[in-house]
Amino acid sequence: MATDGFTTCLWFDGQAEEAAHHYVSIFKNSSIGKVARYPEGAPQPAGSVMTVEFTANGHRFLGLNGGPQFRFNEAVSFMIFCENQEEIDYYWTRLTENGGEPGPCGWLKDKYGVSWQVVPDRLDEMVTDPDPEKAARVTAAFMAMSKFDIAALERAYAGE
């Protein structure tokens, strides 16, 4: 049985090393690891980056330059739970810069097409509150948002 956690493999079309450096620049507890290059006779140009190992926010990734056959989509996303509005603003800005796209309800796509959810860490507590009116108000509020506004969610939760 695997006992050392998981490594997420992200398939890129030539941008794996660039993406790894981008993610490492955004998240704390991050670093670049081994870089493997394609040999002669491989499906990509010899010497180009085949894989790059990196850690982002303590999570292990392998960026693979596999070619244009596969693209990222919203079926998989990475959730970033944020303590305050400053964190939400930081991740939202960094992940949408230079070609990223904001989406609804705290979702966004970065410039590589990877989907992220930038979420207040208290959101789950609010939407699962035993008081159905509180939960409904918060749900209605966040459904109308793109980037989450914690103060507005707290006001909805309080019934203001």
Can Arg122 and Glu154 be said to form a salt bridge (Lys or Arg N to Asp or Glu O under 4.0 Å), step by step? CA-CA 9 Å; Arg122 215 169 97 68; Glu154 292 288 355; 2.8 Å; yes
Measure the CD1-OG distance between Ile80 and Ser77 for me, rounded to the nearest 0.5 Å. 10.0 Å
For Glu83, all residues meeting salt bridge (Lys or Arg N to Asp or Glu O under 4.0 Å), sequence neighbours excluded: none
With Phe72, which residues qualify under ring pair (Phe, Tyr, Trp, His ring centres under 6.0 Å), at least two apart? Phe12
Mind listing the closest non-hydrogen atom pair of Val24 and Thr55 along with its distance? CG2-O, 3.7 Å
For side chain to side chain contact (heavy atoms under 4.5 Å, CB included), just list the numbers for Leu95 and Ile26, CA-CA rounded to whole Å, side-chain angles, deciding distance to a tenth of an Å, and then say yes or no. CA-CA 8 Å; Leu95 290 167; Ile26 293 172; 3.7 Å; yes
Pairs flagged by ring pair (Phe, Tyr, Trp, His ring centres under 6.0 Å) wherever residues 116-137 is involved - sequence neighbours left out: Tyr23-Trp116, Phe27-Trp116, Phe78-Trp116
Evaluate Ile88 against Ile150 for side chain to side chain contact (heavy atoms under 4.5 Å, CB included), listing each step before the verdict. CA-CA 9 Å; Ile88 287 176; Ile150 293 176; 3.6 Å; yes
Running the 4.5 Å side-chain criterion over Ile, Leu, Val, Met, Phe, Trp and Tyr, what cluster does Met50 land in, apart from itself? Trp11, Tyr38, Leu64, Phe70
side-chain hydrogen bond (donor to acceptor under 3.5 Å, both in side chains) against Arg137, all qualifying residues, sequence neighbours excluded: none
Can you check whether Val118 reaches Cys82 side chain to side chain, under 4.5 Å on heavy atoms? yes
Under 3.5 Å donor-acceptor, Ser25 side chain and His22 backbone: yes
Could you pull out all residues at least two apart from His59 that satisfy ring pair (Phe, Tyr, Trp, His ring centres under 6.0 Å)? Phe61
How would you list, by chain and number, every residue that makes a side-chain contact (heavy atoms from CB on, under 4.5 Å) with Asp89, sequence neighbours excluded? Gln85, Lys147
Between Thr7 and Glu53, is there a side-chain heavy-atom distance shorter than 4.5 Å? no
Please list all pairs meeting ring pair (Phe, Tyr, Trp, His ring centres under 6.0 Å) that have one or both residues in residues 128-160, counting only residues at least two apart or in different chains. Phe142-Phe148
For the pair Arg71 and Asn73, evaluate side chain to side chain contact (heavy atoms under 4.5 Å, CB included) and give the outcome as yes or no after the intermediate values. CA-CA 7 Å; Arg71 297 273 185 224; Asn73 66 49; over 6 Å; no
Of the non-hydrogen atoms in Leu108 and Asp110, which two are nearest, and what is the gap between them? CD1-N, 4.0 Å
Given side chains that start at C-beta, do those of Leu62 and Thr8 come closer than 4.5 Å, heavy atoms only? no
So, taking the atom named CD in Glu17 and the one named OG in Ser48, what distance separates them when rounded to the nearest 0.5 Å? 10.5 Å
Would you say Glu86 has more than 12 foreign heavy atoms packed within less than 6.0 Å of its CD? no
Thr139: partners by side-chain hydrogen bond (donor to acceptor under 3.5 Å, both in side chains), with sequence neighbours left out: none
Begin from the C-alpha positions of Cys105 and Met143 and carry the test side chain to side chain contact (heavy atoms under 4.5 Å, CB included) through to its verdict. CA-CA 6 Å; Cys105 305; Met143 293 294 282; 3.8 Å; yes
What is the distance from atom CG of Asp13 to atom CD of Gln44, rounded to the nearest 0.5 Å? 7.0 Å
Indicate yes or no: at least one non-hydrogen side-chain atom of Gln117 is less than 4.5 angstrom from one of Glu74. no
Which atom names give the shortest non-hydrogen contact between Leu153 and Leu123, and what distance separates them? CD1-CD1, 4.3 Å
Which residues pass the side-chain hydrogen bond (donor to acceptor under 3.5 Å, both in side chains) test with Gln15, sequence neighbours left out? none
Any side-chain heavy atom of Lys109 sitting closer than 4.5 Å to one from Pro102? no
Residues passing the salt bridge (Lys or Arg N to Asp or Glu O under 4.0 Å) test with Arg60, sequence neighbours excluded, are Asp4
Counting heavy atoms not belonging to Glu160, are there more than 12 under 6.0 Å from its CD? yes
Residue pair His21 / Ile32, side-chain heavy-atom distance below 4.5 Å: yes
Compare all side-chain heavy atoms of Val114 with those of Val76 and state whether any distance is below 4.5 angstrom. no
From Tyr112 atom OH to Asn98 atom CG, the distance as rounded to the nearest 0.5 Å: 8.5 Å
Tell me who clusters with Trp107, hydrophobic residues only, linked when side chains sit under 4.5 Å apart either directly or through other members. none
Report the distance from atom OG1 of Thr128 to atom NZ of Lys134, rounding to the nearest 0.5 Å. 11.5 Å
Less than 4.5 Å apart, side chain to side chain, heavy atoms only: is that true for Ser30 and Phe54? no
